Amino acid sequence: MSYSSSATATGAQEGAQSKRGFWSSRLAFILAATGSAVGLGNIWKFPYITGENGGGAFVLVYLICIAVVGIPIMMAEVLIGRRGGHSPVNSLRQITQRDKLNPAWKWVGAIGVLAGFLILSFYSVIGGWALSYVGTSAAGQFSGQTADAVGGIFSGLLSDPMTLLSWHTLFMALVMVVVARGVSSGLERATSILMPGLFVLLLIMVGYAMTSGHFGEAVSFLFQPDFSKLTTSGVLVALGHAFFTLSLGMAVMMAYGSYLPKNVSIAKASVTVSVMDTGVALLAGLAIFPIVFANGMEPGAGPGLIFQTLPLAFGQMPMGTLFGTLFFVLLVFAAWTSGISLLEPLVEWLEEQKGMNRTVSTLIAGLVCWVLGIASILSLNLWSDVAPLGMFAMFEGKTIFDLLDYLTANILLPLGGLLVAVLVGWFMSKQALQNELSLSEGGFNLWYNTLKFITPVAVLVVFLYNLS
Ligand code: TRP
């Protein structure tokens, strides 16, 4: 096995390693990494933050962030994972031992495990919204409804903690079932079925929007930059979203990279995943905004955008019940494969650190996320006025739910990514990086210098501007 080259691994670690298995192929890794990347971030979050931040200019900044920050960091994370060959915390420990670095770097992985857990807690609640909308749509409840009635269905859902809790519970259970079955049988099989279905369903939706919506208006909204609409905080949101949508900054790609065979090109795999992820987000925008404009809806409606506006369109279009149901099934698929990747690092960490078996660690990790999710559910209704950090101007009026989203996407993820960029760009041996990537000299230098100089500066500048 290729890992036998790691001379520092102890006998026990070697034994554990041979049990871990590998992705059956490059395609399996790409499917799983894309499954992680493509999620609510692309279909729920990207359209609504694009709408809130004025469209084109925001999209342009987001695309730049993907190119100069996202892709280099994804390559760095996959590289750490494959070189370390363990869960993120242990991979980092391996690498710091091998390259004689400060062992404190392993905390990058620990921060990642913690942050994945924070994200999954509220992610599962939104996944629950999507699940509930499959049923609502299939029951034909959107057909022929007025905007008020559709808005009423959404606010009715948000105001009902018990219903939200049931859907959150179901979503978390779906995630746990796949994770408990382990990476090769569970994850791989699920993603290789779910991902292609997702692409097909999304293309159908864009086709519908092209023929029935205000497609031209949507295209100019998304692709004609108007910089007067872009704010400093909009730039931070775009940067944070580049991390969120590519599943970066939390060691998720490290965890997946540890299963990647040595003969697969990290650069090609990372670029493929990033391009597909970005493609899905843009397709989602092209599916959603034509319908938004055709119905005179508000692009800046916020987190409820797709749940408040699309059902109205589904209610008016021919075969809307079918398309609506398909759309929300698609959303659940996407959220499910992402949720799996949010739980995976935590479970791996419990397995390795605490020696628990996979079933027990999945149960414990899932249960803790589920409990924290209840705080997000309550902040949609009973606790909607509770703003725990409201004394700071930048967190004014933010509920627990808002805070978890803001702190993870806009602070923790970019911070984790920054540390990864610094570790790989400034501390790891350049020779080791070259061996691991096996790129042409030009390709390697482009990646290396971007990661070393441009990526960290970009993240720091955006951070500092937002603090001042
Ligand atoms: N990328 C996913 C989305 O867009 C969310 C996600 C899954 C994620 N795993 C992650 C975000 C790890 C950050 C880190 O919906």
Side-chain angles (χ1 to χ4, degrees), residues 37-67 69-70 119 122-123 125-127 129-130 154 202 218-249 274 277-293 297-310 331 334-335 338 376 380 394-399 401-414 417 458-459 462-463 465-466:
V38 175
L40 293 170
N42 306 62
I43 295 168
W44 160 72
K45 197 171 177 189
F46 173 75
Y48 101 71
I49 57 178
T50 298
E52 280 183 343
N53 287 284
F58 175 84
V59 173
L60 185 66
V61 173
Y62 156 78
L63 292 176
I64 293 172
C65 290
I66 295 279
V69 179
I119 293 184
F122 73 83
Y123 203 87
V125 174
I126 315 265
W129 297 1
F154 184 68
L202 198 53
V219 169
S220 45
F221 178 75
L222 287 170
F223 300 111
Q224 259 174 25
D226 174 357
F227 285 95
S228 69
K229 290 189 181 151
L230 192 66
T231 59
T232 320
S233 76
V235 175
L236 177 64
V237 173
L239 178 79
H241 189 63
F243 284 94
F244 189 87
T245 192
L246 293 178
S247 301
L248 298 177
S274 306
D277 181 80
T278 308
V280 170
L282 297 177
L283 282 181
L286 288 174
I288 287 166
F289 283 109
I291 298 173
V292 170
F293 291 126
M297 298 164 182
E298 177 50 55
L305 182 69
I306 63 167
F307 295 96
Q308 281 168 305
T309 57
L310 284 183
L331 193 60
S338 300
S376 286
L380 298 168
M394 75 195 286
F395 300 128
E396 209 185 306
K398 285 200 181 339
T399 61
F401 182 98
D402 299 335
L403 281 177
L404 285 171
D405 181 21
Y406 190 92
L407 290 176
T408 51
N410 297 349
I411 298 176
L412 278 181
L413 295 181
V459 174
V462 176
F463 265 173
Y465 257 101
N466 273 276

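Along the sequence shown, the residues carry numbers beginning at 1. None of these values were measured; they are calculated from a predicted model.
- Between the side chain of Thr408 and the backbone N or O of Leu413 there is no donor-acceptor pair closer than 3.5 Å.
- Shortest non-hydrogen contact noted between Ser338 and Gly39 is OG-CA, 3.3 Å.
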Start with the C-alpha gap between Val125 and Leu380, add the side-chain angles, then the distance that decides, and say whether side-chain contact (heavy atoms from CB on, under 4.5 Å) holds. CA-CA 10 Å; Val125 174; Leu380 298 168; 4.2 Å; yes

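- Between atom CZ of residue Phe244 and atom CD1 of residue Ile49 there is a gap of 9.0 Å, rounded to the nearest 0.5 Å.
- Between Phe227 and Ala57, the shortest heavy-atom distance links the atoms CD2-CB, 3.8 Å.
- Here the straight-line distance linking atom CD of Glu52 with atom CD of Glu298 works out to 10.0 Å at 0.5 Å rounding.
- Ring geometry for Phe154 against Trp129 counts as perpendicular: the plane angle is over 60°, on a 0 to 90° scale with 30° as the lower cut.
- Here the shortest heavy-atom pairing between Pro414 and Gly240 reads CG-CA, 4.3 Å.
- A donor-acceptor pair under 3.5 Å is absent between the side-chain atoms of Thr245 and the main chain of His241, judged by distance alone.
- Looking at every heavy atom in both residues, Phe223 comes nearest to Pro225 through O-CD, 3.2 Å.
- Pairing each heavy atom of Ala37 with each of Asn42, the nearest pair is O-OD1, 3.1 Å.
- Note: Phe58 CZ to Phe46 CZ = 7.0 Å, rounded to the nearest 0.5 Å.
- By the side chain to side chain contact (heavy atoms under 4.5 Å, CB included) test, Leu248 pairs with Ile73, Met74, Glu77, Phe243, Leu246, Met253, sequence neighbours left out.
- Across all their heavy atoms, Val69 and Ala458 have their closest contact at CG2-CB, 4.1 Å.
- The structure places CG of Leu236 at 9.5 Å from SG of Cys65, a figure rounded to the nearest 0.5 Å.
- For Leu222, the side chain to side chain contact (heavy atoms under 4.5 Å, CB included) partners at least two apart in sequence or on another chain are Thr50, Val59, Leu286, Phe289.
- Not one N or O on the side chain of Trp44 forms a donor-acceptor pair closer than 3.5 Å with the backbone of Ile306.
- Between the side chain of Asn410 and the backbone N or O of Leu407, no donor-acceptor pair lies under 3.5 Å.
- In this structure, CZ on Phe122 lies 11.0 Å from OG1 on Thr399, to the nearest 0.5 angstrom.
- The NZ atom of Lys45 sits 9.5 Å away from atom CD1 of Ile126, with the distance rounded to the nearest 0.5 Å.
- Side-chain polar atoms of Asp277 and Ser274 form no donor-acceptor pair below 3.5 angstrom.
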List the steps, then state whether side-chain contact (heavy atoms from CB on, under 4.5 Å) holds for Leu239 with Val235. CA-CA 6 Å; Leu239 178 79; Val235 175; 5.6 Å; no

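- Without hydrogens or angle criteria, Tyr123 side chain to Leu40 main chain gives a donor-acceptor distance under 3.5 Å.
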